[in-house]
Q: 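Sharing a structure here in C-alpha coordinates format.
Note that the numbering runs from 1 along the sequence shown for the chain. Read the numbers this way: they start at 1 and go in the same order the structure lists the ligands and their atoms. The model shown is predicted, which means the values in this text are computed figures rather than measured ones.
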Amino acid sequence: MRIAVISDIHANLVALERVLAYIDTLAVDALWCLGDVVGYGPEPGACVERIRARATVCLLGNHDAAVVGRLPLEGFNPVARAAILWQREHLSQEHMAWLASLSPRWENPRVTLVHGSPRHPLWEYVDNQRTAAANYEAFTTPLALIGHSHLALAWRLHKNRRVRASLEGSEPGTSMPLDLSDKWLLNPGSVGQPRDRDPRAALAVLDFDALTWTWYRLDYDIEAVEQAILAAGLPQVLGRRLYLGW
Ligand code: ZN
(Lines give C-alpha, C1' and ligand atoms only; values in the text may rest on other atoms or scores of the structure.)
Protein backbone atom coordinates (compact mmCIF):
# COMPACT_ATOMS: atom_id res chain seq x y z
CA MET A 1 0.00 0.00 0.00
CA ARG A 2 1.47 3.31 -1.14
CA ILE A 3 -0.13 6.59 -0.07
CA ALA A 4 0.55 10.03 -1.54
CA VAL A 5 0.50 12.57 1.31
CA ILE A 6 -0.07 16.30 0.77
CA SER A 7 -0.88 19.26 3.02
CA ASP A 8 -1.43 23.02 3.11
CA ILE A 9 -2.65 23.63 -0.42
CA HIS A 10 -3.97 27.07 0.50
CA ALA A 11 -6.09 27.61 -2.60
CA ASN A 12 -3.06 27.44 -4.91
CA LEU A 13 -4.63 25.57 -7.83
CA VAL A 14 -1.59 25.80 -10.12
CA ALA A 15 0.62 24.08 -7.55
CA LEU A 16 -2.08 21.53 -6.70
CA GLU A 17 -2.60 20.52 -10.33
CA ARG A 18 1.15 20.11 -10.80
CA VAL A 19 1.29 17.88 -7.71
CA LEU A 20 -1.76 15.81 -8.69
CA ALA A 21 -0.37 15.24 -12.20
CA TYR A 22 2.91 14.06 -10.66
CA ILE A 23 1.07 11.76 -8.25
CA ASP A 24 -0.59 10.16 -11.29
CA THR A 25 2.88 8.95 -12.34
CA LEU A 26 3.76 7.45 -8.94
CA ALA A 27 1.48 4.38 -8.86
CA VAL A 28 -0.03 5.10 -5.46
CA ASP A 29 -3.13 3.47 -3.99
CA ALA A 30 -4.58 6.52 -2.25
CA LEU A 31 -4.17 10.23 -1.58
CA TRP A 32 -4.34 11.72 1.91
CA CYS A 33 -4.56 15.46 2.55
CA LEU A 34 -3.62 16.85 5.97
CA GLY A 35 -5.70 20.02 5.76
CA ASP A 36 -5.68 23.72 4.87
CA VAL A 37 -7.15 23.23 1.42
CA VAL A 38 -8.19 26.89 1.60
CA GLY A 39 -6.82 30.10 3.15
CA TYR A 40 -4.39 32.61 1.51
CA GLY A 41 -4.78 31.79 -2.21
CA PRO A 42 -7.04 32.83 -5.08
CA GLU A 43 -8.78 29.57 -6.08
CA PRO A 44 -10.37 27.96 -3.01
CA GLY A 45 -13.41 26.46 -4.77
CA ALA A 46 -11.42 24.70 -7.48
CA CYS A 47 -9.03 23.28 -4.88
CA VAL A 48 -11.94 21.97 -2.80
CA GLU A 49 -13.32 20.32 -5.96
CA ARG A 50 -10.02 18.60 -6.80
CA ILE A 51 -9.40 17.36 -3.26
CA ARG A 52 -12.97 16.22 -2.74
CA ALA A 53 -12.73 14.19 -5.94
CA ARG A 54 -9.27 12.71 -5.32
CA ALA A 55 -8.48 12.41 -1.61
CA THR A 56 -9.62 9.36 0.36
CA VAL A 57 -8.93 11.24 3.61
CA CYS A 58 -8.87 15.01 4.07
CA LEU A 59 -8.40 16.70 7.44
CA LEU A 60 -9.65 20.06 8.66
CA GLY A 61 -6.91 22.70 8.90
CA ASN A 62 -7.01 25.90 10.93
CA HIS A 63 -7.64 28.05 7.84
CA ASP A 64 -10.41 25.69 6.69
CA ALA A 65 -11.94 25.97 10.17
CA ALA A 66 -11.72 29.77 10.13
CA VAL A 67 -13.34 30.07 6.70
CA VAL A 68 -16.38 28.11 7.87
CA GLY A 69 -16.56 29.95 11.22
CA ARG A 70 -15.28 27.14 13.45
CA LEU A 71 -12.26 29.21 14.63
CA PRO A 72 -12.26 32.93 15.52
CA LEU A 73 -10.38 35.26 13.15
CA GLU A 74 -8.50 36.99 15.99
CA GLY A 75 -5.81 34.30 15.97
CA PHE A 76 -4.83 35.10 12.35
CA ASN A 77 -2.55 37.87 11.09
CA PRO A 78 -4.17 40.65 9.00
CA VAL A 79 -3.09 39.19 5.65
CA ALA A 80 -4.40 35.71 6.49
CA ARG A 81 -7.61 37.26 7.81
CA ALA A 82 -8.16 39.29 4.63
CA ALA A 83 -7.85 36.13 2.54
CA ILE A 84 -10.23 34.19 4.80
CA LEU A 85 -12.86 36.94 4.50
CA TRP A 86 -12.42 37.07 0.70
CA GLN A 87 -12.73 33.29 0.43
CA ARG A 88 -15.97 33.24 2.44
CA GLU A 89 -17.48 35.36 -0.32
CA HIS A 90 -16.12 33.14 -3.09
CA LEU A 91 -16.92 29.62 -1.86
CA SER A 92 -20.26 28.00 -2.63
CA GLN A 93 -22.56 26.73 0.12
CA GLU A 94 -21.69 23.23 -0.98
CA HIS A 95 -17.95 23.83 -0.65
CA MET A 96 -18.43 25.45 2.76
CA ALA A 97 -20.53 22.48 3.92
CA TRP A 98 -17.86 20.04 2.76
CA LEU A 99 -15.12 21.97 4.61
CA ALA A 100 -17.29 22.13 7.73
CA SER A 101 -17.71 18.34 7.66
CA LEU A 102 -13.95 17.67 8.00
CA SER A 103 -12.12 16.67 11.19
CA PRO A 104 -8.56 17.72 12.24
CA ARG A 105 -7.62 14.16 13.31
CA TRP A 106 -8.03 10.70 11.76
CA GLU A 107 -6.33 7.42 12.58
CA ASN A 108 -6.18 3.74 11.79
CA PRO A 109 -4.14 1.09 13.67
CA ARG A 110 -0.92 2.00 11.85
CA VAL A 111 -0.96 5.75 11.46
CA THR A 112 -2.39 8.93 13.01
CA LEU A 113 -3.16 11.94 10.83
CA VAL A 114 -3.41 15.45 12.29
CA HIS A 115 -3.21 18.91 10.78
CA GLY A 116 -1.09 20.51 13.54
CA SER A 117 0.22 18.12 16.20
CA PRO A 118 -1.12 14.98 17.88
CA ARG A 119 -1.81 16.82 21.14
CA HIS A 120 -3.27 19.95 19.52
CA PRO A 121 -4.52 18.80 16.09
CA LEU A 122 -5.72 22.18 14.86
CA TRP A 123 -3.12 24.71 15.88
CA GLU A 124 0.22 23.51 17.31
CA TYR A 125 3.28 23.88 15.05
CA VAL A 126 5.77 21.02 15.31
CA ASP A 127 8.78 23.01 14.14
CA ASN A 128 11.36 22.22 16.83
CA GLN A 129 12.69 19.19 18.70
CA ARG A 130 11.17 20.10 22.04
CA THR A 131 7.64 20.28 20.61
CA ALA A 132 8.20 17.06 18.68
CA ALA A 133 9.33 15.25 21.88
CA ALA A 134 6.40 16.68 23.87
CA ASN A 135 4.02 14.94 21.47
CA TYR A 136 5.45 11.44 22.10
CA GLU A 137 2.59 10.34 24.37
CA ALA A 138 -0.12 12.05 22.34
CA PHE A 139 -0.38 9.29 19.71
CA THR A 140 -0.32 5.50 20.00
CA THR A 141 0.48 4.46 16.41
CA PRO A 142 4.13 4.22 15.29
CA LEU A 143 3.57 6.87 12.64
CA ALA A 144 1.90 10.26 12.75
CA LEU A 145 1.51 12.47 9.68
CA ILE A 146 1.43 16.22 10.35
CA GLY A 147 1.11 19.43 8.35
CA HIS A 148 0.58 23.08 9.38
CA SER A 149 4.21 24.26 9.68
CA HIS A 150 4.68 24.15 5.87
CA LEU A 151 8.10 22.54 6.50
CA ALA A 152 9.08 19.20 4.94
CA LEU A 153 10.44 17.45 8.04
CA ALA A 154 10.71 14.06 9.70
CA TRP A 155 11.13 13.70 13.45
CA ARG A 156 12.22 10.36 14.85
CA LEU A 157 11.12 10.06 18.50
CA HIS A 158 12.80 7.67 20.93
CA LYS A 159 11.13 6.55 24.17
CA ASN A 160 13.75 8.39 26.25
CA ARG A 161 12.65 11.61 24.50
CA ARG A 162 15.71 11.84 22.31
CA VAL A 163 14.61 13.32 18.98
CA ARG A 164 16.30 13.36 15.63
CA ALA A 165 15.32 15.30 12.51
CA SER A 166 15.85 12.88 9.68
CA LEU A 167 15.55 14.67 6.34
CA GLU A 168 18.61 16.84 6.92
CA GLY A 169 21.02 16.68 4.05
CA SER A 170 18.86 14.36 1.98
CA GLU A 171 17.66 15.26 -1.51
CA PRO A 172 14.08 15.17 -2.82
CA GLY A 173 13.25 11.75 -4.23
CA THR A 174 15.26 10.01 -1.49
CA SER A 175 13.45 7.22 0.36
CA MET A 176 13.97 7.27 4.11
CA PRO A 177 13.54 3.94 5.93
CA LEU A 178 11.08 3.98 8.84
CA ASP A 179 12.19 1.90 11.83
CA LEU A 180 8.93 1.22 13.66
CA SER A 181 10.65 0.47 16.98
CA ASP A 182 10.60 4.27 17.33
CA LYS A 183 7.77 6.72 16.69
CA TRP A 184 7.75 9.18 13.82
CA LEU A 185 6.24 12.56 13.04
CA LEU A 186 6.29 13.03 9.27
CA ASN A 187 5.45 16.29 7.49
CA PRO A 188 5.24 16.28 3.67
CA GLY A 189 5.62 20.09 3.51
CA SER A 190 3.20 22.45 1.79
CA VAL A 191 1.77 22.22 -1.72
CA GLY A 192 0.73 25.83 -2.06
CA GLN A 193 2.89 27.95 0.25
CA PRO A 194 6.19 26.31 1.30
CA ARG A 195 8.04 28.04 4.16
CA ASP A 196 11.34 26.17 4.22
CA ARG A 197 12.99 28.60 1.79
CA ASP A 198 12.42 26.18 -1.08
CA PRO A 199 9.57 27.60 -3.19
CA ARG A 200 8.82 24.33 -4.96
CA ALA A 201 5.55 22.51 -4.19
CA ALA A 202 5.99 19.63 -1.73
CA LEU A 203 4.55 16.14 -1.40
CA ALA A 204 5.56 12.76 0.01
CA VAL A 205 4.79 9.08 -0.43
CA LEU A 206 4.30 6.73 2.52
CA ASP A 207 4.96 3.12 1.51
CA PHE A 208 3.54 0.65 4.04
CA ASP A 209 5.13 -2.38 2.33
CA ALA A 210 8.67 -1.06 1.93
CA LEU A 211 8.27 1.01 5.15
CA THR A 212 9.68 4.15 3.61
CA TRP A 213 8.88 7.85 3.47
CA THR A 214 9.88 9.55 0.22
CA TRP A 215 9.64 13.31 -0.21
CA TYR A 216 9.48 15.28 -3.45
CA ARG A 217 9.62 18.92 -4.58
CA LEU A 218 8.19 20.21 -7.87
CA ASP A 219 8.60 23.47 -9.76
CA TYR A 220 5.39 25.15 -10.86
CA ASP A 221 4.31 28.44 -12.45
CA ILE A 222 4.46 30.81 -9.46
CA GLU A 223 3.96 33.84 -11.73
CA ALA A 224 0.54 32.55 -12.80
CA VAL A 225 -0.49 32.28 -9.16
CA GLU A 226 0.81 35.76 -8.37
CA GLN A 227 -1.26 37.16 -11.26
CA ALA A 228 -4.38 35.39 -9.97
CA ILE A 229 -3.74 36.77 -6.46
CA LEU A 230 -3.45 40.33 -7.82
CA ALA A 231 -6.50 39.91 -10.08
CA ALA A 232 -8.53 38.76 -7.07
CA GLY A 233 -7.49 41.84 -5.10
CA LEU A 234 -5.82 39.75 -2.39
CA PRO A 235 -2.78 41.23 -0.53
CA GLN A 236 0.28 41.46 -2.83
CA VAL A 237 2.55 39.85 -0.24
CA LEU A 238 0.70 36.56 -0.72
CA GLY A 239 2.12 36.38 -4.23
CA ARG A 240 5.60 37.66 -3.44
CA ARG A 241 6.21 35.22 -0.60
CA LEU A 242 5.69 32.26 -2.96
CA TYR A 243 8.92 33.11 -4.81
CA LEU A 244 10.84 33.05 -1.54
CA GLY A 245 9.37 29.87 -0.11
CA TRP A 246 8.76 31.74 3.11
ZN1 ZN B 1 -1.36 26.04 6.42
Side-chain angles (χ1 to χ4, degrees), residues 5-16 18-19 31-48 50-51 55 57-88 91 95 98-100 102-106 113-118 120-128 131 144-153 185-204 215 217 220 222 225 229 234-235 237-242 244-246:
V5 184
I6 62 175
S7 191
D8 297 279
I9 294 147
H10 286 300
N12 184 337
L13 181 64
V14 181
L16 177 59
R18 173 79 173 98
V19 166
L31 169 65
W32 292 350
C33 171
L34 306 178
D36 275 359
V37 178
V38 301
Y40 293 125
E43 300 191 83
C47 289
V48 166
R50 299 297 191 285
I51 292 298
V57 177
C58 182
L59 302 181
L60 179 79
N62 56 317
H63 288 255
D64 305 321
V67 165
V68 299
R70 284 176 63 180
L71 266 188
L73 292 183
E74 287 73 60
F76 292 83
N77 68 50
V79 166
R81 212 180 305 160
I84 288 164
L85 291 171
W86 182 90
Q87 292 190 354
R88 281 183 184 166
L91 280 160
H95 292 154
W98 181 79
L99 288 167
L102 303 176
S103 158
R105 183 180 180 122
W106 179 91
L113 276 56
V114 290
H115 177 65
S117 75
H120 300 300
L122 209 45
W123 57 266
E124 185 173 55
Y125 292 93
V126 185
D127 56 4
N128 61 74
T131 307
L145 308 184
I146 61 174
H148 192 46
S149 71
H150 300 204
L151 309 171
L153 280 171
L185 291 167
L186 302 167
N187 190 329
S190 168
V191 170
Q193 196 194 81
R195 293 182 193 157
D196 43 16
R197 300 191 184 278
D198 180 343
R200 296 175 295 170
L203 72 146
W215 60 295
R217 299 303 279 255
Y220 70 95
I222 292 176
V225 185
I229 286 168
L234 288 162
V237 64
L238 290 174
R240 282 203 305 272
R241 70 186 297 175
L242 297 178
L244 307 172
W246 185 241

Q: Give a rough value, rounded to 10 degrees, for the angle at the Zn ion (ligand 1) between atoms NE2 of H150 and OD2 of D36.
A: 180°
Q: At the Zn ion (ligand 1), what is the angle formed between atom NE2 of H10 and atom OD1 of D8, rounded to the nearest 10°?
A: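 Approximately 110° at the metal, rounded to tens of degrees.
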Q: From R195 CZ over to R241 CZ, what is the distance, rounded to the nearest 0.5 angstrom?
A: 5.0 Å
Q: Any carboxylate oxygen within less than 4.0 angstrom of a Lys/Arg side-chain nitrogen, looking at R217 and D196?
A: yes
Q: Any N/O/S atom, side chain or main chain, of H148 closer to the Zn ion (ligand 1) than 2.8 Å?
A: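 Of the N, O and S atoms in H148, none lies under 2.8 Å from the Zn ion (ligand 1), which means no.
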Q: For residues D36 and N62, determine if any side-chain heavy atom of one lies less than 4.5 Å from a side-chain heavy atom of the other.
A: yes
Q: With a cut-off of under 6.0 Å to the ring centre and 45° to the axis, is R197 in cation-pi contact with W246?
A: yes
